[in-house]
Trainee: 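Here it is: the structure, laid out below.
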Amino acid sequence: MLFRQAGIFHTNYAADRALFPIAADRWMIGILLAFGFAAPLLVNSLYLSSYLLPWLIWTAGALGLNLILGWAGQFHLGYAAVMGIGAYATVHATRAGIPWEIAIVLGGSTAAIIGIGFAFAALRVKGLYLALSTLALQFVMDWVISHVPAISGGTQATLQAPDIRLLGQPITSDAGLYYVALVWCILVTSFMLNLRRTALGRALIAVREKDFAAAVIGVNSFYFKLVAFSTSSFIGGVTGAILIGTFYHAVTPEQFSVDVSIQALAMVIVGGLGSIIGSYFGAAFILLMPGAMNSLISWAAIRFGFSLSIETLAHLPQALYGALIIGFLLIEPLGLGKIYNNVRDYLLVWPFGYVKK
Amino acid sequence: MAFAAESAGPVLQCQSVERRFGGIVALNGIDMQIERGEIFGLVGPNGCGKTTLTNAITGFYPPQRGRILLNGRDITGLAPHYIATLGVARTFQNLALFNGMSVLDNILLGRHIHMKPGVARTALYWWLARPDETVNRAAVEDVIDFLQLEGVRDELVDGIPIGLKKRVELARALAAEPSFLILDEPMAGMNQEEKEYMARFILDARDERGVTVLLIEHHMDVITGICDRMLALNYGAMIGSGIPADVVADPRVVEAYIGGAHAAR
Ligand SMILES: Nc1ncnc2c1ncn2[C@@H]1O[C@H](COP(=O)(O)OP(=O)(O)O)[C@@H](O)[C@H]1O
Ligand SMILES: [Mg+2]
């Protein structure tokens with residue numbers, strides 16, 4: 001049908017490693033990219049800046065977390081803290097007059113350096129212990145940010161973020177901010193796509209799958225875990241800075257609290273560990289679901305004429321949302337990305353379903 | 001193709017290697033010397049310390065006493081990933097492929113020590129990584145060709161039969177172009193035809209690719225058939241070494257193997 005592998009013959013190794021060897025995939029990506037760039041013309045600005053923009057930013061964040069979780073196989077419960085470090089560093093740098101382009105790189109690097117320093121200590125333990133020590137990173141960062149006035153601007157403070165400026169031009173329009181998020185998301189996505197076909201990506205998977213077998217082929221697990229931690233922290237730091245610059249416009253400690261870490265984790269897990277398209281689905285799911293649940297319940301309450309106490313109304317969406325995640329993981333532990341792949345594999349051979357892919 | 005072959009001297013020397021696990025003496029004073037271009041057999045009943053010796057050489061369980069030299073260089077106590085970069089490759093008794101990856105990617109991982117994995121190279125794949133990936137892919141295709149794995153190149157490694165998995169693991173080891181290759185029971189669980197194929201591959205690997213091989217094997221016919229020299233272990237101690245025909249005729253080896261029924265007591 002749409003997807004056809006028949007008739008694709010590679011004549012060199014580079015072509016065999018092309019990102020999208022199947023024509024239908026290239027078409028789809030092309031159309032999505034075109035839509036992405038034309039979105040400010042097609043979508044009204046409320047949707048653009050309150051749905052598409054955060055979705056793109058959170059997708060980039062989820063991809064960064066997926067790098068450490070899905071590729072290198074190391075748990076990280078403090079990803080929001082890493083994003084927060086990048087955000088605060090960037091805001092302070094821009095307030096000090098450093099151009100924004102340089103400030104986000106500084107923010108990302110600060111996150112990467114703190115991430116690596118922390119990983120040096122944390123990576124001496126594995127599995128659940130590592131997960132717990134990353135949670136410690138979260139709490140330490142929370143504490144430091146809120147207790148050091150030089151960082152947070154005082155307790156309970158909100159620190160205004162200066163407008164984003166690119167090459168000296170202030171970016172304030174909805175479309176301009178959206179494009180900043182879009183470009184970042186595309187950059188992170190292309191990095192992750194390349195990871196699938198380079199020695200670095202393979203080494204990370206080797207570390208995740210069997211560290212003794214990785215050692216035997218010369219992979220230094222500790223080094224590659226550090227690389228994964230620092231790279232994912234860099235992505236997280238820049239993402240945090242862009243989230244503040246394009247969406248929140250001011251930074252407070254709660255924006256990067258432990259709940260947010262859990263939310264990022266949920267995006268990656270619901271989307272699918274190690275799945276790139278899954279991170280897009282996961283971010284959308286986690287961002288949209290609470291709102292959708294709310295509307296669904298209020299609609300049902302009116303339609304079927306039952307009334308709920310304020311208390312129940314506040315908690316019901318949360319409970320449904322939790323149940324939905326559990327349900328997902330029971331039915332498809334590899335997440336939405338896997339469901340997408342199943343459909344794609346089916347279409348790849350349709351209507352000859354008996355053909356093995 | 002270039003082989004990492006230092007010209008003279010033995011490839012591997014073990015000098016009074018001893019390894020204990022708590023009270024168990026798994027290796028007791030092992031002296032072994034493997035010459036360049038040899039296929040060296042290591043036999044012994046289950047639990048006699050063959051895998052432990054492999055783990056001592058590759059750095060997983062460094063010996064508590066004794067020395068191990070590779071190409072004349074002392075490698076005792078070095079980290080496993082570092083020993084790999086010195087030209088030692090191995091396969092595992094219980095398979096250690098990377099699940100969730102294709103056969104091709106598994107073998108490409110064998111090229112790790114020849115590649116330069118990095119973040120910048122990944123980000124700028126088109127300019128910085130593609131030439132490196134292509135050159136190494138060509139080397140991998142050589143090995144795929146050599147071990148006749150073309151048919152399963154793009155299959156996930158999880159789903160292929162065990163005989164092929166063993167062959168993929170050999171391919172991954174050979175892709176590293178090692179000077180010294182350790183095969184830990186590569187024919188376990190294979191039928192006669194698969195065993196013959198594997199024996200052929202081992203001989204060809206030595207003849208065509210210049211690797212020196214340490215072969216751990218249960219089947220005596222394989223050892224006498226393809227090994228130049230051999231060592232027999234029992235309870236962590238050496239009970240015989242030399243030309244296979246002589247060693248298998250040694251009463252102590254016969255006793256360890258057949259359990260004393262045929263040995264004059
Ligand atoms: N990690 C370990 N911890 C404790 N004992 C071990 C360990 N590895 C091997 N041994 C013991 O060392 C002895 C040799 O085992 P091994 O080298 O696996 O034998 P084989 O010759 O069958 O490969 C056995 O008695 C085994 O129980
Ligand atoms: Mg063994």
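By convention in this document, chain letters (A, B, ...) are assigned in the order of the sequence lines, proteins followed by strands, and residues within each chain are numbered from 1.
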Trainee: Flag the pair A:Tyr13 / B:Glu141 as yes when at least one side-chain heavy-atom distance between them is below 4.5 Å, and no otherwise.
Mentor: yes
Trainee: Give, as side chain, backbone, both or neither, the part of A:Leu67 having an atom under 4.5 angstrom from any heavy atom of chain B.
Mentor: neither
Trainee: Name the region of B:Arg130, side chain, backbone, both or neither, that has any atom closer than 4.5 Å to a heavy atom of chain A.
Mentor: side chain
Trainee: Does any backbone or side-chain atom of B:Ala138 lie under 4.5 Å from a heavy atom of chain A? Answer side chain, backbone, both or neither.
Mentor: both
Trainee: With a 4.5 angstrom heavy-atom cut-off, is it the side chain or the backbone of A:Val219 that approaches chain B, or both, or neither?
Mentor: both
Trainee: Do you know which of B:Leu104, B:Thr134, B:Asn99 has the most heavy-atom pairs with chain A at a distance under 4.5 angstrom?
Mentor: B:Asn99
Trainee: Can you tell me how far apart CG (A:Leu19) and CH2 (B:Trp126) are? Round to the nearest 0.5 Å.
Mentor: 6.0 Å
Trainee: Report the option among A:Glu209, A:Arg197, A:Lys210 that has the most heavy-atom pairs separated by less than 4.5 Å from atoms of chain B.
Mentor: A:Arg197
Trainee: For residues 115-123 of chain B, which side-chain N or O atoms pair as donor and acceptor with protein atoms under 3.5 Å away, sequence neighbours left out?
Mentor:
{"unit_1": "B:Arg121", "atom_1": "NE", "unit_2": "B:Lys116", "atom_2": "O", "d": "3.4"}
{"unit_1": "B:Arg121", "atom_1": "NH1", "unit_2": "B:Leu128", "atom_2": "O", "d": "3.3"}
{"unit_1": "B:Thr122", "atom_1": "OG1", "unit_2": "A:Thr198", "atom_2": "OG1", "d": "3.2"}
{"unit_1": "B:Thr122", "atom_1": "OG1", "unit_2": "B:Gly118", "atom_2": "O", "d": "2.8"}

Trainee: With a 4.5 angstrom heavy-atom cut-off, which part of B:Phe60 approaches chain A: side chain, backbone, both or neither?
Mentor: side chain
Trainee: Would you compute the distance between atom CG of B:Leu124 and atom CZ of A:Phe191 and round it to the nearest 0.5 angstrom?
Mentor: 9.5 Å
Trainee: Considering only heavy atoms, which portion of A:Asp16 lies under 4.5 Å from any heavy atom of chain B: side chain, backbone, both, or neither?
Mentor: side chain
Trainee: With chain A, which of B:Leu109, B:Ile83, B:Ile113 has the greatest number of heavy-atom pairs at distances under 4.5 Å?
Mentor: B:Leu109
Trainee: Quick one: closest heavy-atom pair of B:Ala96 and A:Ala213, and the distance?
Mentor: O-CB, 3.5 Å
Trainee: With the side chain counted from C-beta on, respond yes when B:Tyr82 and A:Asn220 share a heavy-atom pair under 4.5 Å apart, and no when they do not.
Mentor: no
Trainee: Does A:Tyr223, at its OH atom, have more than 12 non-hydrogen atoms belonging to other residues, nucleotides or ligands within less than 6.0 Å?
Mentor: no
Trainee: Using every non-hydrogen atom in the two residues, find where A:Ile217 and B:Gly110 come nearest and quote the distance to one decimal.
Mentor: CG2-CA, 4.4 Å
Trainee: What residues, two or more places apart in sequence or in another chain, satisfy salt bridge (Lys or Arg N to Asp or Glu O under 4.0 Å) together with B:Asp158?
Mentor: none
Trainee: For chain A, which candidate among B:Asp105, B:Asp132, B:Thr58 shows the most heavy-atom pairs at distances under 4.5 Å?
Mentor: B:Asp105
Trainee: Which members of residues 101-126 of chain A, sorted by number, sit under 4.5 angstrom from chain B on a heavy-atom basis?
Mentor: none
Trainee: Just jot down the ring pair (Phe, Tyr, Trp, His ring centres under 6.0 Å) partners of A:Phe224, sequence neighbours excluded, or say none.
Mentor: B:His112
Trainee: Please report the interatomic distance CZ(A:Arg202) to CZ(B:Phe98), rounded to the nearest 0.5 Å.
Mentor: 11.5 Å
Trainee: Counting only non-hydrogen atoms closer than 4.5 Å, does B:Leu97 touch chain A with its backbone (N, CA, C, O), its side chain (CB onward), both, or neither?
Mentor: backbone
